[in-house]
Amino acid sequence: MSSSIVSTPAPFNEAIGAYAPGSAERASLKARLAALMDQQLDIPVAIGEREIHTGRLAESRPPHDHGHLLGRYHEAGEKEVALAIESSASVKNHWSSMNWEDRAAIFLKAADLLAGPYRDEINAATMLCQSKTVFQAEIDAACELVDFWRFNVHFMEQLYAVQPESADGMWNTMDYRPLEGFVFAVSPFNFTSIAGNLPTAPAIMGNTVLWKPSSTQTYSAWVIMKVLHEAGLPAGVISFLPGKGAEIGGPVLASPDLAGIHFTGSTQTFRHLWRSVGENIDRYHSYPRLVGETGGKNFVFAHPSAHVQSLVTALVRGAFEYQGQKCSAVSRAFIPASLWDEVISGMQEQMSRIEMGSPLEFNNFVCAVIDKKAYDKISGYIAHVKNSDDHRILAGGECDDSQGYFISPTLVEADSPRAKLMCEEIFGPILAVHRYADQRMDETLAEVDKASPYALTGAIFCRDRAEINRMSTALRFAAGNFYINDKPTGAVVGQQPFGGGRASGTNDKAGSIYNLVRWMSPRVIKETFAPPLDFPYPHMDED
Ligand code: NAD
């Protein structure tokens, strides 16, 4: 107990390690990778103080080496969901009435543990479990999750500091209560940082959380749980429920105590969750907050004044890093006829230098796609291109799943902005490009805006200031994160809060104060110092 008005440390973005040949950080990470390859983890369900081995086992295997077993995890089901709801209710009072500074300290400590002693482990787990290169793992699993924890603490403090005016004789205050009940966090496979942020953003605000990680990310998700417990997060604040979506989602969504959903994943799954909430609406004690960041069909639009080399590099990095499995990955590009030959030959040249293989070999730029289901879906698009008249492969197009789920970076020309590969989310290393006539700029911008139902990220490349403004206005609602002369991936917490509209989500901007606002229900308190002692007002007196 202390008498002070404290400030939390100023947040800063975690510096990205280079892992250059000969560096100590590279040697240390390689040792950790070797150790993880040498052991098989047995990952439990974690509820309150208990680690539960349900015996319903599923496997974690590296997507680039599916013959190797990394470990097994125990799947939760209806019984574990009931236990988790009970456990969450039992710890709720303790957690929500804890001083906010103490909650802050737990997450700041978690950030430092992840940036330091757990950095190798979270990076190695992410490289093996999700087939990320060392750079992709470092910017995600280590740096971005550290950033989420440091910045969310800072945003919590900023929010709590917002207080109403008080007129003479009274004191008005806001009590930023957490939601009543629990929050259901459902995370995707593709970012370890998002997996860590979805349960912890509501928890920082004093909520208790049931967390269902993605089946293909359970291995690195478990490292996050270890960090949080070591940082002092009380048992029961976050229940860890790996398993099948429907088996966990069904009973969770039927609970009267559901206070909110914090989701990232496909549009289809989020719509299913939203629909289930609608069907169950009469059961709930409160109206659940629904926050979901979902699919995308992210664009790059090149103006005839674009700088070709930077455009080409942005397309290659934006479309193919992490095998095109970033929610923000470029998936369709519009190139003016006047630049077409130069852009396509530039891309073919850069793509011919891309090496693909295991993330254990650090020279690889592209690794495997996440699992067999994704491999079948993405290779199905390549098969469609090969059999269609309105698409043509310009580079790549090879698929091989004999050792891992490998699909080579693929460039496809599409005749129409409405062609299949220009409109549907593929979520793999395929970039569809459309050649537009320079004089049809306005019509083409209208197609960028309307041809796909999504509105997550987008970029324009242009060196003419007046044209930049015109294009930015035409595409104002086409992307929640909009880039000028840069690739549309790589948003940084605290710098480019992330999220999109339309079919891409509720746009509650992960990594910003706007997201944290959703996890509280303010109470306004008015205290009057000298209350009136009788009911009549002055106007009621005799003249
Ligand atoms: P997904 O929808 O298949 O799965 C997401 C999560 O939902 C997983 O944990 C899954 O098990 C769970 N789930 C599925 N059915 C469920 C149910 N009935 N009840 C409860 N949970 C259920 O998505 P994914 O393949 O893991 O991720 C890829 C998708 O995520 C892409 O569409 C991508 O665009 C999107 N994404 C969006 C953002 C963003 O910020 N907009 C970020 C990352 C990923």
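Both ligands and their constituent atoms are indexed starting at 1 by order of listing. Please read all numbers here as calculations on a predicted model, not as lab measurements. Counting from 1, the numbers follow the sequence of the chain as shown.
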> With backbone taken as N, CA, C and O and side chain as the heavy atoms from C-beta onward, which portion of I194 lies under 4.0 Å from ligand 1: side chain, backbone, both, or neither?
Replying inline: side chain

Counting only nitrogen or oxygen atoms and a 3.5 angstrom limit, does [X] reach ligand 1?
{"X": "T269", "answer": "yes"}
{"X": "L273", "answer": "no"}
{"X": "F498", "answer": "no"}
{"X": "S215", "answer": "no"}
{"X": "N190", "answer": "no"}
{"X": "G245", "answer": "yes"}

> When you check the gap from the basic side-chain N to the acidic O, do E425 and R332 get nearer than 4.0 Å?
Replying inline: no

> If you look only at pairs with a residue in residues 486-498, which of them pass as a side-chain hydrogen bond (donor to acceptor under 3.5 Å, both in side chains), with sequence neighbours excluded?
Replying inline: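 Listed once each, the pairs are N13-Q495, K487-T489.
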
> Residues in ring pair (Phe, Tyr, Trp, His ring centres under 6.0 Å) with H384, at least two apart?
Replying inline: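 Here the qualifying residues are H391.
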
Proximal atoms of ligand 1 relative to [X] (non-hydrogen, under 4.0 Å):
{"X": "P188", "answer": "26 (O), 27 (O)"}
{"X": "S187", "answer": "5 (C), 6 (C), 8 (C), 9 (O)"}
{"X": "G249", "answer": "19 (N), 20 (C)"}
{"X": "E425", "answer": "31 (C), 32 (O), 33 (C), 34 (O)"}
{"X": "V186", "answer": "6 (C), 7 (O), 9 (O), 12 (C), 21 (N)"}
{"X": "S214", "answer": "9 (O)"}

Using heavy atoms and a 4.0 Å limit, tell me yes or no: is [X] in contact with ligand 1?
{"X": "I248", "value": "no"}
{"X": "P213", "value": "yes"}
{"X": "F270", "value": "no"}

> Taking the six-membered ring for Trp, are the ring centroids of W222 and F240 within less than 6.0 Å of each other?
Replying inline: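 Judged by ring-centre distance (under 6.0 Å), W222 and F240 do meet the cut-off.
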
> Does the gap between the ring centers of F184 and H262 come in under 6.0 Å?
Replying inline: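 F184 vs H262: aromatic centres not under 6.0 Å.
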
> So which heavy atom in the protein is nearest atom 10 (C) of ligand 1, and how far is it from that ligand atom?
Replying inline: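 Sorting protein heavy atoms by distance from atom 10 (C) of ligand 1 puts K212 CE, 3.8 Å first.
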
>> Which option wins on minimum heavy-atom distance to atom 38 (C) of ligand 1: S193, G500, A491, C327?
In response: C327

> Between S504, G505, S266, which one has a non-hydrogen atom sitting closest to atom 2 (O) of ligand 1?
Replying inline: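 Looking at heavy atoms only, S266 sits closest to atom 2 (O) of ligand 1.
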
> Is it the case that more than 12 heavy atoms not belonging to E59 sit under 6.0 Å from its CD atom?
Replying inline: yes

